[in-house]
Amino acid sequence: MVKLSVNIGGVELKNPVMTASGTFGYGLEYSDFIDISRIGGIIVKGTTIRERQGNPYPRMAETSSGMLNAVGLQNKGVDHFVSEIYPKIKDIDTNFFVNVSGSTIEDYVATAEKLNDLEKIPGIELNISCPNVKEGGMAFGTSCASAAEVTKAVRRVYHRSLMVKLSPNVSNISDIAQAVEYEGADSVSLINTLLGMAVDAEKRKAILSTVTGGLSGPAVKPVALRMVWQVSQAVKIPVIGLGGIMSAQDAIEFILAGATAVQVGTANFIDPCISTKIIDGIEDYLVRNKFNNISDIVGVI
Amino acid sequence: MVKLSVNIGGVELKNPVMTASGTFGYGLEYSDFIDISRIGGIIVKGTTIRERQGNPYPRMAETSSGMLNAVGLQNKGVDHFVSEIYPKIKDIDTNFFVNVSGSTIEDYVATAEKLNDLEKIPGIELNISCPNVKEGGMAFGTSCASAAEVTKAVRRVYHRSLMVKLSPNVSNISDIAQAVEYEGADSVSLINTLLGMAVDAEKRKAILSTVTGGLSGPAVKPVALRMVWQVSQAVKIPVIGLGGIMSAQDAIEFILAGATAVQVGTANFIDPCISTKIIDGIEDYLVRNKFNNISDIVGVI
Amino acid sequence: MKKFILDLELKENSILDKKHFLLKLTSPSPLPPMLPGQFVQVLVKNSQEVFLRRPVSIHYVDRERNELWLLIQVVGKGSQKLSELSPGATVNLLLPLGNTFTLDPVPQSRLILIGGGVGIAPLLFLGAYLKNNNHQCNFLLGARSKKDLLQLTEFEKYGTVYTTTEDGSHGEKGYVTQHSILKSKSFDMIYACGPTPMMKALAEYASETGVYCEVSLENTMACGIGACLCCVTDSLDGHLCVCTEGPVFNSKRLKW
Amino acid sequence: MKKFILDLELKENSILDKKHFLLKLTSPSPLPPMLPGQFVQVLVKNSQEVFLRRPVSIHYVDRERNELWLLIQVVGKGSQKLSELSPGATVNLLLPLGNTFTLDPVPQSRLILIGGGVGIAPLLFLGAYLKNNNHQCNFLLGARSKKDLLQLTEFEKYGTVYTTTEDGSHGEKGYVTQHSILKSKSFDMIYACGPTPMMKALAEYASETGVYCEVSLENTMACGIGACLCCVTDSLDGHLCVCTEGPVFNSKRLKW
Ligand SMILES: Cc1cc2nc3c(=O)[nH]c(=O)nc-3n(C[C@H](O)[C@H](O)[C@H](O)COP(=O)(O)OP(=O)(O)OC[C@H]3O[C@@H](n4cnc5c(N)ncnc54)[C@H](O)[C@@H]3O)c2cc1C
Ligand SMILES: Cc1cc2nc3c(=O)[nH]c(=O)nc-3n(C[C@H](O)[C@H](O)[C@H](O)COP(=O)(O)OP(=O)(O)OC[C@H]3O[C@@H](n4cnc5c(N)ncnc54)[C@H](O)[C@@H]3O)c2cc1C
Ligand SMILES: Cc1cc2nc3c(=O)[nH]c(=O)nc-3n(C[C@H](O)[C@H](O)[C@H](O)COP(=O)(O)O)c2cc1C
Ligand SMILES: Cc1cc2nc3c(=O)[nH]c(=O)nc-3n(C[C@H](O)[C@H](O)[C@H](O)COP(=O)(O)O)c2cc1C
Ligand code: FES
Ligand code: FES
């Protein structure tokens, strides 16, 4: 038996495969297809202090080996999560993390505070990198100072595991990772989506209502791998790698590049069973290559 | 007859389609396949003050809808260009631009100076964005101050058209575009490659000898379109758009987003005739949509 | 309803006209329960350009033959690729997705099922279902010209068929919304699927005449199961997911 | 030599063994001039994973039948996809690319053509060419076991064939580089293609014995025509492009 479990900033995951925020709903959406309790961790949708309607339609465009989205954090707000969603998921035997988003530091702090007491939510993922909201969001993730500031403020009030999700739309992601590590992040996850755009040549208009949106899927994998490799050399806290993971092989590439765990995002749309297939595939790989422990291959590159 | 010609920082191109540096050799490599004089402009390989051997093998990796390269500016130096290559291309009826690369400002300046007197080279493309060389290269393109500095220094000595090629590996590409415009660039081209990485899961090694390399091809198109759209709103000089253009439709998307001309790179490897097909396709599009002049659709988004 | 991910086998691919084809899919085991109005998410394989699944309405379910029918219009890369599939090919689907049309209208209701273009797709299954449940259906089907009117003989099995064509080559000339039946007869319920302008016109007609009207919407989708929130439509209750809260909506709830 | 971009028609796709297949391609018009050692860049269509062309040696050109033969090993997505092609399929190629083997050795030279694995591919065309030009060829072909020795009857048409297999099931047991013929006979010229360790061993053998040795290298390629500089190999003269300055090199010029 190979050991698949990993520790992410104090949270023990039964395996290194998580599902990415905004791509897996609250997990329940996938329960007809797979046993979601097999997944190492589930990051729920971006959650904000108040309900948000998100951006107008169209919010999505297909691109070469990827997609753009401009959902813009549509969600019913943290109170709805606490009262309506939490009771439905709290007894599922996996780790749910809430992806906390906001437009101001106060919003982030207030949202995080409300999640502090949820016994079965061992951590939050601080989304300082959403490119799809007008104010805040990505802006926090693109400078060291603001990334540090929001991390510090949330750290002060939030006592469980704090994962900070980094934006790839920056000149130097290692600097930002170090800044949030310094302010007390327990782990970092990367990458969020790359800011992109799609054009309808026949209609001579941008496809998305917001013109620009976030690029995800295999198209971004090379950029994500590079950033995971850079960040894992720059920080001591665990790095959670994501961006374009479609298969166990992709997941292993991220782990070799330095990720302690991975998240699967867009791939869930193409194959709703992919997360569990990836868990199995990682196990097969370790067995085939005679490793006893997933940690043996973390960051060997 | 629709008007396809465009003016790029003082250089009249017969059509808006150029071929991108490092993907089209000196043009001659493609002359068995197409009449290269039909192309609006040809940007030759990255040229440096002295000969460079580039990076060790392997230098290339295929990715989803794209490729990584780590050629590292292999070239025989500017003097070789002037004495050996220039005589072979100078009578071809298109516009050749030399892509000028370097590790220090002095190198850039010295290289540009040597190209000043080549009558049939109406301009250079200043490559401040190559991710594949240890010192210099991309470093110049990732901060406003250094981008401005190198542009200023080259502008002082180079009297023909100065196109500056921007790096996409930055937090805010508009700022950099404005900085080089301010220092006298006649046009900007974007994007160069996104810094990426590929991993061989079975060998547990990076595929490229340099670990990281430059990502190109359709995978990057959404990012390139977004940056072209942003930059074209930030500067008054012409913007040349590139990144993942594989078809006339892609080229038109860039033009609609704000590019006065486009460059075709990686696509040449898959179809060596693609540049002329794109010219024809743009013409068809204009005719079909009853536009008389390519300028009618530049930046309508 | 429980959703499945299934590999079905293509039994038949019939080219109906230049732009439309009909896939008949089957499986060794009985197809799961599916209801009219629901759709499937089709995986398009072997294409460099297609990345996401494509949503397609359930055109008909033939329980006797254990067949699922999809009626598809060629509009881009994905539908083109599907049109090239040969019998024997394996097609991967998520199904059944979305809500259904109202399947239990008041007995004796005067029902009209209105489809424009490929929007007729979900109405065959709906008509068959309603007929089986002792309702009488009127179909009003519109197309550009006679040759674009698809599956007429199939529809005729389940009710009275009225048609319009833009060039007058079959039925009345004009759009479905201009058909005289909408003036000459009155209906209790409209089920509609087609181009947005058509559905919008029907929504207006419905609100003017007070007829209850259900429309099946199209939308760009990524997941098809309510996870991504990419497929929203604007409604009086805010953004609704077409893939889970739709594709069928009461036309009054939508902002047109 | 002028290069072409051509759509050829697949006439035959023969599965030789689990891992190898032979494509015979043809065209209504005569195939352009091609010489032994050269290669083609094949476009792999209908694949989500494959983006770039794949370099493949010219295995044989049958001028009478106007056929181009490619012998391909399934190693990954591209070769897998090509192996699934059916007769009638159109295959797009750039050709002919690269340099050639030395095609005019001194008359009466004692020549040996050594191939390991799928590295035998370019040697059939070379052997046929040399035989046509009145040279006598010896082939030394190595494989894992008897069933992996491909195209033996073809090679026998053009010269004497020696073999090695790793399990001894055909010819001598061991690697080609251990075959007794290399000790018992002496040669003026070696043409080699195969796995790097094999070619490296032959390069050493050649430099020790003073035999002239040409090797055909593999390399990852993007353009195949000298434009991208992705395919370099290290040599005494610095980085050389395998696609234009090779794929055939004098083994002495290379840094092994
Ligand atoms: C619930 C639902 C049921 C559907 N049922 C059917 C059906 O039964 N038969 C059928 O032929 N089609 C149906 N469609 C539409 C079908 O999904 C699209 O035509 C298809 O996805 C187009 O894919 P493509 O790759 O061929 O075209 P693409 O190359 O993706 O697109 C071609 C053009 O169509 C536009 N487009 C693509 N998809 C949509 C969409 N979903 N809504 C609006 N515009 C779009 C694109 O923006 C582009 O301009 C349905 C859609 C939904 C949401
Ligand atoms: C000049 C030349 C002639 C060739 N002739 C033949 C031939 O006649 N028959 C034949 O079967 N093959 C030949 N090859 C090799 C062939 O190009 C590769 O096997 C093929 O590109 C693999 O593609 P794929 O998509 O199947 O594998 P991929 O999925 O691309 O790769 C599978 C694995 O093989 C490695 N690999 C891929 N391509 C190469 C390469 N070119 N060199 C080294 N490693 C590689 C990859 O890194 C990966 O580990 C030749 C190569 C060159 C450069
Ligand atoms: C439709 C969609 C919605 C997303 N919503 C969120 C979100 O709410 N919060 C967040 O941090 N990331 C969000 N993301 C980003 C993903 O979590 C992930 O970082 C990104 O998609 C890259 O991974 P992938 O390529 O595996 O999808 C979203 C992505 C998609 C495609
Ligand atoms: C093999 C290769 C070599 C390149 N060499 C150079 C170079 O020397 N100078 C430069 O400015 N850009 C170079 N580029 C970048 C391209 O010019 C272009 O900016 C990039 O590939 C994006 O365009 P594309 O997606 O159309 O290829 C190179 C790209 C490739 C793929
Ligand atoms: S398509 Fe994902 S929520 Fe509807
Ligand atoms: S493959 Fe492009 S130079 Fe050789």
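By convention in this document, chain letters (A, B, ...) are assigned in the order of the sequence lines, proteins followed by strands, and residues within each chain are numbered from 1.
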Visitor: So do the side chains of A:Gln263 and A:Glu125 get within less than 4.5 Å of each other, counting heavy atoms only?
Guide: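 The answer is yes, as the side chains (C-beta and beyond) meet within the 4.5 Å cut-off.
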
Visitor: Does any backbone or side-chain atom of A:Ser65 lie under 4.5 Å from a heavy atom of chain C? Answer side chain, backbone, both or neither.
Guide: backbone

Visitor: Looking only at heavy atoms and a cut-off of under 4.5 Å, which of A:Gly66, A:Pro218, A:Ser64 has the most pairs with chain C?
Guide: A:Gly66

Visitor: For A:Ser101 and A:Asn127, which I'm curious about, is there any donor-acceptor pair between the side chains at under 3.5 Å?
Guide: yes

Visitor: Within the 4.5 Å heavy-atom criterion, are A:Phe254 and A:Leu225 side-chain neighbours or not?
Guide: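 Result yes, sub-4.5 Å side-chain heavy-atom pair found.
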
Visitor: For chain A, which candidate among C:Arg53, C:Met221, C:Glu49, C:Gln41 shows the most heavy-atom pairs at distances under 4.5 Å?
Guide: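 When all of C:Arg53, C:Met221, C:Glu49, C:Gln41 are compared, C:Arg53 has the most.
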
Visitor: Select, from C:Leu43, C:Val50, C:Ile225, the one with the greatest count of heavy-atom pairs under 4.5 Å involving chain A.
Guide: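 The answer is C:Ile225.
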
Visitor: At a 4.5 Å cut-off on heavy atoms, which part of C:Asn92 comes close to chain A: side chain, backbone, both, or neither?
Guide: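 Neither part.
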
Visitor: So which residue, A:Cys273, A:Pro272, A:Gly217, A:Ala61, ends up with the most heavy-atom pairs under 4.5 Å with chain C?
Guide: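 Option with the top pair count is A:Pro272.
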
Visitor: Between A:Arg59 (side chain only) and A:Asn55 (backbone N and O only), is there a donor and an acceptor less than 3.5 Å apart?
Guide: yes

Visitor: Please determine which of A:Thr19, A:Ile92, A:Thr276 meets the side-chain contact (heavy atoms from CB on, under 4.5 Å) test together with A:Ile36.
Guide: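 Between A:Ile36 and the candidates, side-chain contact (heavy atoms from CB on, under 4.5 Å) is satisfied uniquely by A:Ile92.
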
Visitor: Please work out whether the ring planes of C:Tyr60 and C:Phe125 are parallel, tilted or perpendicular, with thresholds of 30° and 60°.
Guide: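 Aromatic pair C:Tyr60/C:Phe125 classed perpendicular.
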
Visitor: Heavy atoms under 4.5 Å from chain C: which residues of residues 22-33 of chain A carry them?
Guide: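 The residues closer than 4.5 Å to chain C, in numerical order, are A:Gly22, A:Thr23, A:Phe24, A:Gly25, A:Glu29, A:Tyr30, A:Asp32, A:Phe33.
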
Visitor: Return yes if some donor-acceptor pair links the side-chain N/O of C:Gln38 with the main-chain N/O of C:Gly98 below 3.5 Å, else return no.
Guide: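 Such a contact is found between C:Gln38 side chain and C:Gly98 backbone.
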
Visitor: If you count heavy-atom pairs under 4.5 Å with chain A, which of C:Asp234, C:Leu94, C:Thr244 comes out on top?
Guide: C:Leu94

Visitor: Which heavy atom of C:Glu67 sits nearest a heavy atom of C:Lys11, and at what distance?
Guide: OE2-NZ, 2.9 Å

Visitor: Between the side chain of C:Tyr191 and the main-chain N/O of C:Thr102, is any donor-acceptor distance below 3.5 Å?
Guide: yes

Visitor: Does the ring center of C:Tyr129 lie less than 6.0 Å from the ring center of C:Phe101?
Guide: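 They do not qualify: ring centres at least 6.0 Å apart.
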
Visitor: Check whether C:Leu229 gets within reach of chain A through its side chain, its backbone, both or neither, counting any heavy atom under 4.5 Å.
Guide: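 For C:Leu229, the contact with chain A is made by backbone and side chain together.
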
